[in-house]
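Have a look at the structure below, then the notes.
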Amino acid sequence: MTKFRNQAEVVVYNSLSRKKEVFIPINPLHIGMYVCGPTVYGDAHLGHARAAITFDLVFRYFSHLGYKVRYVRNITDVGHLENDADEGEDKIAQKARLEQIEPMEVVQYYTVRYHKNMDQLNVLRPSIEPHASGHLIEQIAMVEKILKKGYAYEVDGSVYFDVEKYSKNHHYGILSGRKIEDLISNTRKLDGQSDKRNSADFALWKKAEPSHIMRWPSPWSDGFPGWHMECSAMGCKYLGEQFDIHGGGMDLLFPHHESEIAQSTVANEKSPVRYWMHNNMITLNGQKMGKSLGNAISLDNIFAGNHPLLEQAYSPMTIRFFILQAHYRSTLDFSNEALQAAEKGLKKLLVASTTLKKLKAVKGAAAQGIEAIAKACYDAMNDDFSSPVAIATLFDAVKLINAANDGLLAINETDLHQLKQLMDDFIFHILGIQDEEAGSDLELVDGLMQTIISLRQEARVKKDFATSDVIRDSLGKLNIVLKDGKDGTSWELK
RNA sequence: GGUCUCGUGGCCGAGUGGCUAGGCAGCGGUCUGCAAAACCGUGUACAGCGGUUCGAAUCCGCUCGAGACCUCCA
């Protein structure tokens, strides 16, 4: 296994080049990764889960390969406007006004809930989780830098990035594949007055209206930073002027990430990011699931099963497995049928993993292609984090395990060791699956179960099937399934 | 309207020129007191029409359909 791990050459699809590229970090053995986190004004939904799980997979895999990864994922708690990019109300402030609480109460409330959901999904906490509101100084400094270089202008206390000027010697649209002329001609004319010289320009700093509760002093006005500023400022602060990976949902590609590139390129005179990675959307009946579309199902709803579209509750690990069974760059359509299939598939995988622990090695038997399976798993992950292919390959290992358990296949000590290593590495460490059934008092329960099973076995030997069936049925009501096999009876939770 | 992506068997979902993806469901069998699980076997899938090629789901063109971005959204 180690040998595949060491040989690994990871290929990453770079949104910037629209091609797969061999991943080479700026500093050997160290990786800097920045991912756009949530704007904390509402509960996390499936889309948040997908983004978090996608980059959790990247984080886990690179860590597994031996890289030291500094993973920064921000919390947006200021500057994210509700409607038109520069005229709407701040999302946090709006929520605070509606609920008559402090904006920071909104932030705290939803941040805590976000963390809870991510923990449930077994998403590892990032190395640094900076808040936009905690980095006003850095953001203001960056705006000043851009102003000084002449790529921004101030109007009535607000500062805007001059996209037209930037386009003269840079390519605004390099990431999203847009042309500046199209952007200028296609951007919708906003109602009301705009201080911007050009509709494609975006705000670096906004002056706060008197009614606006979230405000900070700056050289230009009491106000707040533009949405794109935070990621540029915080990414630079914690990962440097240029870092390896920047991730986020595809919907952030334009204008958010495009603008980040423009700002940082001007401020630091270099492109901020080597590899841009974007996860695709989750769809519901073929349509994107999104907060603004009102069709987003919250994770709490899914875990509890209380939403009109849900036929049942789905556990966090089912959701995680469901998401990992699709490649991160494909859209993934939500349906009860698909989730139920994922639930069953996951169970099969986990049962096999438990079976594996009890498996006994047979002396001298030949290798059973375990190396090939391990190699295929690493190949899949090295190919732009293809978790669906890795999972498919793990099911090949499941076949081996079950066959060995049924005595149809002999596995020797070396094979067994390799197989255990493979399953453990991939299922639990790389894919980040947890066995939800495995409780701390499992040993006690198993002891009790062995007693019950032996009593029932006595009945069965006496052909007292009435008694044995009563035992099985009543355990069934507790969601415990008994399985009578050749070598005795085993049990598992439904 | 502009830019881009996608269309794979009952469902989900891999696969970029020739070799079984995989999961779920179904069917037949083995095992079992009966079940469950597991195992074995089982599917003329690649939106349509043309073209390139010895050979295409895979490359090219067109048609149809779906979606994303161009406003906030993971």
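Numbered from 1 within each chain, the chains take letters A, B, ... in sequence-line order. Quantities reported herein were computed from a predicted structural model and do not represent experimental measurements.
Remark: Asp473(A) does not engage Lys477(A) in a salt bridge, criterion side-chain N to carboxylate O under 4.0 Å. Remark: Glu492(A) engages Lys347(A) in a salt bridge, criterion side-chain N to carboxylate O under 4.0 Å.
At the phosphate of A35(B), neither OP1 nor OP2 sits under 4.0 Å from any side-chain N or O atom of Lys483(A). One finds no side-chain N or O of Lys344(A) lying less than 4.0 angstrom from the OP1 or OP2 phosphate oxygen of G23(B). Distances shown here put a side-chain N or O of Ser330(A) below 4.0 Å from the OP1 or OP2 atom of A14(B). The shortest distance between the side-chain N/O atoms of Asn405(A) and the OP1/OP2 oxygens of A38(B) is not below 4.0 Å. In terms of phosphate contacts, Lys348(A) brings a side-chain nitrogen or oxygen within less than 4.0 Å of OP1 or OP2 of C24(B).
Comparing A74(B), C24(B), A35(B) by their nearest atom to the side chain of Ala341(A) picks out C24(B).
Residue ring and nucleobase are stacked for Phe465(A) and G33(B), with a centre distance beneath 5.5 angstrom and an angle between planes beneath 30°.
If you take CD1 of Ile401(A) and P of A37(B), they are 18 Å apart, rounded to a whole angstrom. Between the C1' atom of A74(B) and the OH atom of Tyr110(A) lies a distance of 17 Å, rounded to the nearest Å. Nucleotide G23(B) holds its P atom 12 Å from the CD1 atom of Ile391(A), rounded to whole Å. For the pair Met250(A) CE and C6(B) P, the interatomic distance rounds to 9 Å; values are reported in whole Å. Taking atom CD of residue Gln325(A) and atom C1' of nucleotide G15(B), one finds them 16 Å apart after rounding to whole Å. What separates CG of Asp484(A) from C1' of A38(B) is a distance of 13 Å, to the nearest Å.
No N or O donor and acceptor, one from the side chain of Asp406(A) and one from the base of C31(B), sit under 3.5 Å apart. The base of A36(B) does not come close enough to the side chain of Arg472(A) for any donor and acceptor atom to sit less than 3.5 Å apart. The base of G33(B) sits with one of its N or O atoms less than 3.5 Å from a complementary donor or acceptor on the side chain of Asp469(A).
Atoms CG and CZ, from Leu431(A) and Arg320(A) in turn, are 7.5 Å apart once rounded to the nearest 0.5 Å.
Screening His257(A), Arg329(A), His246(A) against His278(A) for a side-chain hydrogen bond (donor to acceptor under 3.5 Å, both in side chains) leaves a single residue, His257(A).
More than 12 heavy atoms of other residues, nucleotides or ligands lie within 6.0 Å of NZ in Lys420(A), so this atom counts as buried by the packing criterion.
Each of Ile282(A) and Phe322(A) was matched to the nucleotide of RNA chain B holding its nearest heavy atom; the match closer to the 5' end belongs to Phe322(A). Nearest-nucleotide assignment on RNA chain B puts the 5′-proximal partner with Lys20(A), out of Lys20(A) and Ala403(A).
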> Would you write out the dot-bracket form of RNA chain B, 5' to 3', with Watson-Crick and G-U pairs under 3.5 Å, [ ] for crossing pairs, | for pairs to other strands and . for unpaired bases?
Replying inline: ((((((((.[[[..)..(...]]].(((((.......)))))....[[[[[..)....]]]]])))))))....

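Ring geometry for Trp227(A) versus His256(A): interplanar angle under 30°, hence parallel rather than tilted (30 to 60°).
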